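For reference, the structure discussed in these notes is given below.
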Amino acid sequence: MLTALNYDRFISLNTIDRQELQKVYEAGKNGLLACTLCGEAVKLYLGIKSAPYFYHYSSKQPCATEDLSNVQEEQAATIDIDDEKTNGFRLPKSRSILKIVTESPTFKPPMTIKATIHTSELANSLPVTYPKESYLNMLAQNGYSVDATQSKAVTIDEGPILILAGAGSGKTRVLTMRAAFLIHEKKVDPSTIMLVTFTNKAANEMKERLLHYPMMNKSVVQKIVSGTFHSILYQILIFHEREKWQRNKLLSSNWQRELLLKEIAREEQMDEKDFPFDAALQLISAWKNSMLSPNNVEPDNDWEQKVVQLYIGYETKKQQRNLYDFDDMLLGGYRFFVDNPAILATYQKRFTHFLLDEFQDINKVQYEWIKLMAGSAKSIYAVGDDDQSIYSFRGSDPKYLLDFEKDYPNSQTIILDYNYRSSQEIVSAAKSTISKNTKRRAKKMITGYSGKPPIGFYPYDEEEEATMILTDIQEKIKLGYEPRDFAILFRTNTNSRAMFERLASSSLPFRLEQDTGSFYQRFIVKSMLSYLKLIDDPDNQQAVGDILPTLFLKKSVLQDIKATSILEDCSFLDCLHFIKTGFAFQESKLKKIPNTLKGLINRSPLDAINYIEKELGFQEFIKKRGNEGNQWDKGSDDIRDLKVVARKFNSIKEFVQYTDHMMAMNEELRKQYKNESNVITLSTIHRAKGLEYKTVYILGAVDGSIPHDFALESFRNNNIFPLEEERRLLYVAMTRAQKELFLSIPMYLRGKKAKESRFLSPLSMSPFVQLH
């Protein structure tokens, strides 16, 4: 059905404004839509593979008063559904499915994503046979077989070796089998092997895998020196300089490091309330990992100049107080060996084989340390994929992988380009995307099975995007999928806001893989919401305290406000009228704010936000903070995101209650599903690296999201490297998918018209046809 009633309003999907679809969907969920003929309740279907339509959810039969030919004509474009419970989840139930897909004038149909496929991209990966007495034959007999290329990578002679391991090519198996092969086939003493990973999780997974291999018992595995760069170097430093590197002197948490930076900021008379210290810490860490002392840094802008001043003070105070951080473990370890050549020679003699995981993510200090340690080694075995180098923000640089042969002229390179994870359609689309990067090593990227082509779909905005994905997931779970089969990936944490809210309102279990809090707790968002809270409740003490920075007032003013509220017997909001700053213009503005905010009580949340932004100086505050911020933290983007949510509500009270509820839900769901495994994953692309899922949805495949605005700005300034890393990010996201891949291409992003990601240009699109 293409028509419905909302009270006395007639709604036709042939004529409705596209941006109204989400509101109509919400009305249907709340039981506010009715059939135009029989008057029964209807809902709006809003999914990926079919045009929107209305369906009865109280009955499986067509409306008795409808003309059957009209019903068939309308339902040719639809999948009519009813609600039923499956595995404890309330899901839509299929009623009738027809093969023809008809486009509604207000709906852009999904497209099949295709890439040029060469015959060489499809291949059979045949296992290799080995002599009966060989260790690889023993592995194969125990179910750990490898293909011909993997076998060559495991058994290659000693020396500098670079293994280019494409996505899904089994690099972990090759790396761990190489260690076992060296021990049992080449008779290498396990205590002379160093296995270096980038995360403790990866180190533990490799140890666990080694324990399952034949003849690799716990006593053998424990002799291998394995772990992250940080953990291995810390063990060395604590052995040689225990007093200097005591655990209680480690700044192990970001909040400890931030406190130190804030102390320095106060001494430098910087406004600590508005400064993004988390971004400053990230930049200082990148500089240290690139072996740049404060005196060697060349800041690109005023903000970086301020960070340099913090960097100088940070290093000085750590030294004065005998403190150190995780980055100091790397720098300290490198300098320790440079300053102690005799001890270095001892370690060089001890370790003969180095196995390095995720080599594309190595940074300068890690690379230089490995060069020192492996000066006399029989073998450096580096495994990585330059196409998956996505951590430049912490100093990682793919040039060490790309230029491996320059430092090791006698090295050998093996390319693992058989993808065991994804279908040929997904692999081909990912290959076509990444092939446009100029700084990379070419790989064939082949696979052995065919499946479903990736799909691009076109929601109106973030809200509709989230609804369409949720509907698709619900349909798939009805068909037998498990929540763990799905991953929803996004570029930055703010991109997850709408998807989180849609999942939170469903009964589906999910986990948000991030360390940050709710979107509504972000500084700029929280500040704007505080104005709205004061409109709703002028005595909200927390809210009046939170707006003070936006009025360029210190937090200490809150104590004066508390006293004034008692003396003048007025609300906290009215106390702004009495604040004395010594600046006539500022005092005049403060006097006007109470009555101005009270006058917005009957305005919509969106109107109120626009007014506060333009008339109360909030735009000026954002601009000032933006000038003192970094390229990734744009307060104006946060406000645009907030406006997308506000558009759904008619009253400020309702909107404020909703945001408070979502903040509470964020904490509740984080605890509820923290230790569960059968959950939908909602994650940044960075955090999803190394993982795989049957079905992957990528949010916001548009310019400004993927690629990020910062990369586009850098490209306009003739710096191509950030843009190439963004393309690698999309490649990583695409290659997480095993069977199904969906790319969302919203028409609007943060209220502004969006342009399809330039990274999709190598891919051809054809109309999607629903087949059953």
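Quick note: numbers below take in every heavy atom, side chains included, and nothing from hydrogens, waters or symmetry partners. The shown structure was predicted, so the numbers you read here are calculated from the model rather than taken from an experiment.
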Requested in this report: Look at Glu263 together with Lys317 and state whether they make a salt bridge at an N to O cut-off of under 4.0 Å.
Outcome: yes
Requested in this report: Mind running side chain to side chain contact (heavy atoms under 4.5 Å, CB included) on Val225 and Ile193 for me, showing each step along the way?
Outcome: CA-CA 6 Å; Val225 175; Ile193 297 173; over 6 Å; no
Query - Flag if over 12 foreign heavy atoms under 6.0 Å of CZ, Phe715 - result: no
Report task. Report the distance from atom CD of Glu724 to atom CG of Leu729, rounding to the nearest 0.5 Å. Result -> 12.5 Å
Query - Any donor-acceptor N/O pair, Asn340 side chain to Phe336 backbone, under 3.5 Å - result: yes
**Report entry** Stepwise side-chain hydrogen bond (donor to acceptor under 3.5 Å, both in side chains) test for Asn493 and Ser496
**Finding:** CA-CA 6 Å; Asn493 286 321; Ser496 68; 5.4 Å; no
**Report entry** Euclidean distance, Asn419 CG relative to Thr447 OG1, rounded to 0.5 Å
**Finding:** 5.0 Å
**Report entry** Worked check of salt bridge (charged side-chain N to carboxylate O under 4.0 Å, His left out) between Arg491 and Glu726
**Finding:** CA-CA 9 Å; Arg491 175 63 185 84; Glu726 291 292 301; 2.8 Å; yes
Mind listing the side-chain donor-acceptor pairs of residues 290-299 below 3.5 Å, one per line with the distance, residues two or more places apart or on another chain?
from, atom 1, to, atom 2, distance (Å)
Ser290, OG, Ala286, O, 3.0
Ser293, OG, Asn296, OD1, 2.6

Query - Donor-acceptor pair, side chain of Tyr381 and main chain of Ala153, under 3.5 angstrom - result: yes
Query raised in the report: Got a second to check how far Met329's CE is from Tyr234's OH, nearest 0.5 Å?
Result: 6.0 Å
Report task. Could you grab the distance from atom CD1 of Ile706 to atom CG of Leu730, nearest 0.5 Å is fine? Result -> 5.5 Å
Query - Shortest non-hydrogen separation from Leu372 to Leu344 and the atoms involved - result: O-CD1, 3.8 Å
Query - His686 and Phe393 aromatic ring geometry - parallel, tilted or perpendicular at 30°/60° bounds - result: perpendicular
Report summary line: Here the side chain to side chain donor-acceptor pair (under 3.5 Å) pairs for residues 178-191, sequence neighbours left out, are Asp189-Ser191
Query raised in the report: Which of these passes side chain to side chain contact (heavy atoms under 4.5 Å, CB included) with Gln150: Leu136, Ile414, Val174?
Result: Val174
Requested in this report: If a pair satisfies ring pair (Phe, Tyr, Trp, His ring centres under 6.0 Å) and one of its residues is in residues 244-266, list it, with sequence neighbours excluded.
Outcome: Trp245-Tyr324
Report task. Please test Phe198 against Tyr391 for ring pair (Phe, Tyr, Trp, His ring centres under 6.0 Å), starting from the C-alpha separation and ending with a verdict. Result -> CA-CA 12 Å; Phe198 270 81; Tyr391 292 109; 8.1 Å; no
Query raised in the report: Around atom CZ of Arg335, are there more than 12 heavy atoms of other residues, nucleotides or ligands at under 6.0 Å?
Result: no
Query raised in the report: For the side chain of Arg727 and the backbone of Leu723, is there at least one donor-acceptor N/O pair under 3.5 Å apart?
Result: no
Query raised in the report: Counting distance only, does the side-chain N/O of Asp403 pair as donor-acceptor with the main-chain N or O of Lys406 below 3.5 Å?
Result: no
Let me check something: any side-chain donor-acceptor pairs from residues 205-216 under 3.5 Å, sequence neighbours excluded? List them with distances.
from, atom 1, to, atom 2, distance (Å)
His212, ND1, Glu208, O, 2.8
Tyr213, OH, Thr176, OG1, 2.7

Query raised in the report: Looking at Pro190 and Ile183, what are the two nearest heavy atoms and their distance?
Result: CB-CD1, 3.8 Å
**Report entry** Audit row: Asp407, Tyr367, side-chain hydrogen bond (donor to acceptor under 3.5 Å, both in side chains) steps and yes/no
**Finding:** CA-CA 11 Å; Asp407 283 328; Tyr367 187 70; 2.4 Å; yes
Query raised in the report: Do Ser411 and Glu405 meet the criterion of a side-chain donor-acceptor pair at a distance under 3.5 Å?
Result: no
**Report entry** Leu162 vs Gln412 side-chain heavy atoms within contact, under 4.5 Å
**Finding:** no
Report summary line: In short, Ser145 meets Arg173 closest at the heavy-atom pair O-NH1, 2.8 Å
Requested in this report: Consider only side-chain N and O atoms of Asp147 and Tyr420, and report whether a donor and an acceptor are under 3.5 Å apart.
Outcome: yes
Query raised in the report: Hey, is the main chain of Asp703 close enough, under 3.5 Å, to the side chain of Ser757 for a donor-acceptor pair?
Result: no
**Report entry** Listed once per pair and sorted, the salt bridge (charged side-chain N to carboxylate O under 4.0 Å, His left out) pairs that draw on residues 232-246, sequence neighbours left out
**Finding:** Glu243-Lys249
Query - Any donor-acceptor N or O pair under 3.5 Å, side chains Arg484, Tyr693 - result: no
Query - Distance in Å, Leu355 CG paired with Ser379 OG, rounded so as to fall on 0.5 Å steps - result: 7.0 Å
**Report entry** No-hydrogen, no-angle side-chain donor-acceptor test under 3.5 Å, Glu358 and Gln360
**Finding:** yes
Report summary line: Correct closest heavy-atom pair for Leu401 and Gly384 would be CD1-C, 3.8 Å
Query raised in the report: Checking Asp386 side chain against Arg441 main chain: does a donor-acceptor pair fall under 3.5 Å?
Result: yes
Report task. Verify whether the ring centers belonging to Phe337 and Tyr347 lie closer than 6.0 Å. Result -> yes
**Report entry** Salt bridge Arg421-Glu692, side-chain N to carboxylate O under 4.0 Å
**Finding:** yes
Query raised in the report: Do side-chain atoms of Thr199 reach the backbone of Ala202 as a donor and acceptor pair under 3.5 angstrom?
Result: yes
Requested in this report: Report the C-alpha separation of Asp357 and Thr197 in whole Å, then their side-chain angles, then the decisive distance to 0.1 Å, and conclude whether the side-chain hydrogen bond (donor to acceptor under 3.5 Å, both in side chains) test is met.
Outcome: CA-CA 5 Å; Asp357 188 25; Thr197 65; 5.9 Å; no
Query raised in the report: Would a distance-only check, ignoring hydrogens and angles, find a side-chain to backbone donor-acceptor pair under 3.5 Å from Thr433 to Ala429?
Result: yes
Query raised in the report: What heavy-atom pair brings Met373 and Gln348 nearest, and what distance separates the two atoms?
Result: O-CG, 3.5 Å
Requested in this report: For the pair Thr155 (side chain) and Ser151 (backbone), establish whether a donor and an acceptor sit closer than 3.5 Å, ignoring hydrogens and angles.
Outcome: yes
Report task. For residues Ala737 and Ser422, report the shortest heavy-atom separation together with the two atoms involved. Result -> O-OG, 2.5 Å
Query - salt bridge (charged side-chain N to carboxylate O under 4.0 Å, His left out) between Asp385 and Lys171, worked out - result: CA-CA 10 Å; Asp385 180 10; Lys171 74 172 180 66; over 6 Å; no
**Report entry** Polar side-chain atom of Asp328 near backbone of Asp325 as donor-acceptor pair, under 3.5 Å
**Finding:** yes
Requested in this report: May I ask you to check whether Phe404 and Tyr400 place their ring centres under 6.0 Å from each other?
Outcome: no
Query raised in the report: Roughly how far, to the nearest 0.5 Å, is CZ of Phe277 from CG of Asn254?
Result: 13.5 Å
Query raised in the report: Charged N to carboxylate O under 4.0 angstrom, Asp387 versus Lys431?
Result: no
Query - Atom CZ of Phe326: over 12 foreign heavy atoms under 6.0 Å - result: yes
Query raised in the report: Who pairs with Glu315 by salt bridge (Lys or Arg N to Asp or Glu O under 4.0 Å), at least two apart in sequence or on another chain?
Result: Lys288, Lys318
Query raised in the report: Is the closest side-chain donor-acceptor distance between Thr228 and Ser231 under 3.5 Å?
Result: yes
